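Because the structure is predicted, anything quoted here is derived from the model rather than measured.
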Amino acid sequence: MSKAKITPLGTVSPYGKGERNCPGFMVEYKGHKVLLDCGNGITRLMNMPECLNNLHVIITHYHKDHFGDLGALQYASYVYHNLGKLKQPVKVYLPNGDFANNESAVVSNTESFVKYSFIVDGSSFAIEDLTISFADNHSHTIESYMVKLQCRDFKMVYTSDIGNTNFDHAVAFCKDSDLIICESSFLRKHNANSQTHLTAYDAGLLAKRSSAKRLLLTHFWPEEDRALYVEEAQQVFADTSAAEEGVALIY
Ligand SMILES: [Zn+2]
Ligand SMILES: [Zn+2]
């Protein structure tokens, strides 16, 4: 297959710190780009203006750590379009259900060069032979989509923010993935008792139960040592690593 390149641009929440940004993952495939979330600070790592060409931006849910840089990206599209360096609009995909409450925060109808589409549960679109499909995890605090990117011999899932109350659904969606990029907001030692985010241990369980080949953890606390997340997930799933800004995976 043509190679897919997956580059973490942001791996922490709820705020950036130092070289760390809020959530964002760039997937490049056959000259196309799919940006999974657009968190605070990720435009620092984007190769402007080339990266705006053939770009699909997916906002998985309307929490601000996941779209904090969308305004900057949209304004960049406007400027570079006016300079003749961007011929096709950037495609931006937004959750449909909570749209009315968030429209003013995310939509830029002037001073942007973008085209909006909606995400609903079970929807999908294709880029050449790559299918991008969505499933509301029904376990975060608001409508929040898992995203699957699949072609004939490669399958990856980005969980985005997800809780532990609908675990079988997540396992089914992630089944037999080559890669799961999974949030791990907490360590068990935090005693968060959160049902709307996962621990690193939960992320390991998701990878194990879905028979995934590899687990990439993300959505860390900025102050916490990420080696602890990897150790915790590895108690149940060995092939686990921590996402690092700028460190790409090739498939
Ligand atoms: Zn988040
Ligand atoms: Zn969230």
Side-chain angles (χ1 to χ4, degrees), residues 1-11 19-21 23-39 41-60 66 69 73 76-77 80 85-93 117 119 123-135 145-160 173-184 203 206-207 210-219 226 230 233 237-251:
M1 65 173 274
S2 292
K3 286 207 160 40
K5 181 180 180 187
I6 301 133
T7 309
L9 303 180
T11 65
E19 299 300 309
R20 309 295 191 192
N21 304 314
F25 287 83
M26 182 69 84
V27 180
E28 296 170 68
Y29 181 72
K30 292 187 175 178
H32 302 273
K33 278 145 269 163
V34 179
L35 177 62
L36 302 166
D37 283 328
C38 191
I42 68 160
T43 50
R44 299 190 295 186
L45 296 177
M46 292 177 71
N47 179 31
M48 301 280 185
E50 289 77 11
C51 67
L52 296 172
N53 285 293
N54 299 321
L55 177 62
H56 301 255
V57 180
I58 292 166
I59 304 300
T60 59
H66 293 254
D69 259 15
L73 188 149
S77 74
Y80 282 120
K85 295 180 185 300
L86 180 62
K87 307 294 187 196
Q88 300 294 327
V90 173
K91 285 90 176 170
V92 177
Y93 300 78
S117 301
I119 301 168
S123 65
S124 64
F125 67 96
I127 301 172
E128 299 199 26
D129 61 328
L130 186 70
T131 301
I132 296 97
S133 54
F134 303 95
Y145 288 95
M146 300 182 281
V147 186
K148 180 159 37 188
L149 293 88
Q150 184 171 12
C151 57
R152 191 170 59 86
D153 50 4
F154 172 69
K155 185 195 293 188
M156 66 163 276
V157 172
Y158 170 61
T159 66
S160 187
F173 191 73
C174 293
K175 196 71 187 160
D176 298 324
S177 295
D178 296 285
L179 172 69
I180 302 175
I181 302 174
C182 188
E183 77 126 299
S184 54
L206 177 61
S210 58
S211 305
K213 292 196 176 70
R214 183 172 183 182
L215 174 63
L216 190 68
L217 299 175
T218 189
H219 209 274
R226 57 190 61 201
V230 174
F237 188 80
D239 197 352
T240 303
S241 53
E244 295 280 350
E245 279 80 355
V247 179
L249 280 62
I250 307 287
Y251 279 89

(request) Answer yes or no: is there a side-chain heavy-atom contact under 4.5 Å between Tyr158 and Ile58? (result) no

(message) My understanding is that only residues two or more places apart in sequence, or in another chain, count here; which of them pass side chain to side chain contact (heavy atoms under 4.5 Å, CB included) with Ala242?
(response) Phe220, Arg226, Val230

(request) Kindly give the heavy-atom pair with the smallest separation between Ala207 and Ile180, and that separation in Å. (result) CA-CD1, 3.9 Å

(message) Holding to side chain to side chain contact (heavy atoms under 4.5 Å, CB included), I want the full list of residues that pass it with Ser133, two or more places apart in sequence or in another chain.
(response) Ser124, Lys148, Phe173

(request) Would you indicate whether the side-chain heavy atoms of Met46 and Leu55 approach each other to under 4.5 Å? (result) yes

(request) With Leu216 as reference, evaluate Thr11, Ile6, Ile181 under the side-chain contact (heavy atoms from CB on, under 4.5 Å) test and give the passing residue. (result) Ile181

(request) First locate atom OG1 of Thr7, then atom CG of Asn47, and finally report the distance between them rounded to the nearest 0.5 Å. (result) 11.0 Å

(request) For the pair Ser123 (side chain) and Ile119 (backbone), establish whether a donor and an acceptor sit closer than 3.5 Å, ignoring hydrogens and angles. (result) no

(request) Give the minimum heavy-atom separation between Gly31 and Asn54, together with the two atoms involved. (result) O-ND2, 3.5 Å

(request) Answer yes or no: are there more than 12 heavy-atom neighbours, outside Glu19 itself, under 6.0 Å from its atom CD? (result) no

(request) Show your working on side chain to side chain contact (heavy atoms under 4.5 Å, CB included) between Met156 and Ser177 and close with a plain yes or no. (result) CA-CA 5 Å; Met156 66 163 276; Ser177 295; 5.9 Å; no

(request) With the side chain counted from C-beta on, respond yes when Asp37 and Ser160 share a heavy-atom pair under 4.5 Å apart, and no when they do not. (result) yes

(request) Apply salt bridge (charged side-chain N to carboxylate O under 4.0 Å, His left out) to Glu245 and list each qualifying residue two or more places apart in sequence or on a separate chain. (result) Arg20

(request) Measure across Leu86 and Leu52 and return the closest heavy-atom pair with its distance rounded to 0.1 Å. (result) CD1-O, 3.5 Å

(request) Please identify each residue that fulfils side chain to side chain contact (heavy atoms under 4.5 Å, CB included) with Asp69, with sequence neighbours left out. (result) Cys38, Ile42, Thr43

(message) With side-chain contact (heavy atoms from CB on, under 4.5 Å) as the test, pick out the partner of Ile132 among Val27, Val147, Leu36.
(response) Val147

(message) So, using salt bridge (charged side-chain N to carboxylate O under 4.0 Å, His left out) as the criterion, who are the partners of Asp129 when residues are at least two apart?
(response) Lys30

(request) Return the set of residues passing side chain to side chain donor-acceptor pair (under 3.5 Å) with Asn53 (not counting sequence neighbours), or none when no residue passes. (result) none

(message) As an exercise, state the distance from CG of Leu206 to SG of Cys174, rounded to the nearest 0.5 Å.
(response) 4.5 Å

(message) Using side-chain heavy atoms (C-beta onward) and a distance below 4.5 Å, is Pro8 in contact with Glu244?
(response) no

(request) Any chance you could measure Gln150, atom CD, to Lys155, atom NZ, to the nearest 0.5 Å? (result) 4.5 Å

(request) Can you sort out the partners of Glu128 under side chain to side chain donor-acceptor pair (under 3.5 Å), two or more places apart, ordered by chain and number? (result) His32

(request) Could you tell me which non-hydrogen atom of Thr240 sits nearest to which non-hydrogen atom of Ala233, and how far apart they are? (result) CG2-CB, 3.7 Å

(request) Can you measure from CZ (Phe25) to CG (Leu249) and round to the nearest 0.5 angstrom? (result) 9.5 Å

(message) Once side chain to side chain donor-acceptor pair (under 3.5 Å) is applied, do any residues pair with Lys85, and if so which ones, sequence neighbours excluded?
(response) none

(request) Evaluate the criterion side chain to side chain contact (heavy atoms under 4.5 Å, CB included) for residue pair Ile127 and Lys91; output intermediate values, then yes/no. (result) CA-CA 12 Å; Ile127 301 172; Lys91 285 90 176 170; over 6 Å; no

(message) Before you tell me yes or no, could you show the steps for Leu73 and Val92 under side chain to side chain contact (heavy atoms under 4.5 Å, CB included), namely the whole-Å CA-CA distance, both residues' side-chain angles and the distance that decides it to 0.1 Å?
(response) CA-CA 10 Å; Leu73 188 149; Val92 177; 5.6 Å; no

(request) Taking the side chain as every heavy atom from C-beta outward, state whether Leu45 and Met26 have any atom pair closer than 4.5 Å. (result) no

(request) Evaluate side chain to side chain contact (heavy atoms under 4.5 Å, CB included) for Tyr29 paired with Leu149, printing each intermediate quantity in order. (result) CA-CA 10 Å; Tyr29 181 72; Leu149 293 88; over 6 Å; no

(message) I'd like to check His219 versus His66 (side-chain heavy atoms, cut-off strictly below 4.5 Å). Are they in contact?
(response) yes

(request) Tell me, please, which residues at least two apart from Ala238 pass side chain to side chain contact (heavy atoms under 4.5 Å, CB included). (result) none

(request) Rounded to the nearest 0.5 Å, what's the gap from OG on Ser210 to CZ on Phe237? Could you check? (result) 7.5 Å

(message) So, using ring pair (Phe, Tyr, Trp, His ring centres under 6.0 Å) as the criterion, who are the partners of Tyr93 when residues are at least two apart?
(response) His56, Phe125

(message) A side-chain contact here means heavy atoms from C-beta on lying under 4.5 Å apart; do Arg214 and Ser241 qualify?
(response) yes

(message) Once side chain to side chain donor-acceptor pair (under 3.5 Å) is applied, do any residues pair with Thr159, and if so which ones, sequence neighbours excluded?
(response) none

(request) Sequence neighbours left out, what passes salt bridge (charged side-chain N to carboxylate O under 4.0 Å, His left out) with Lys213? Give chain and number order. (result) Asp178

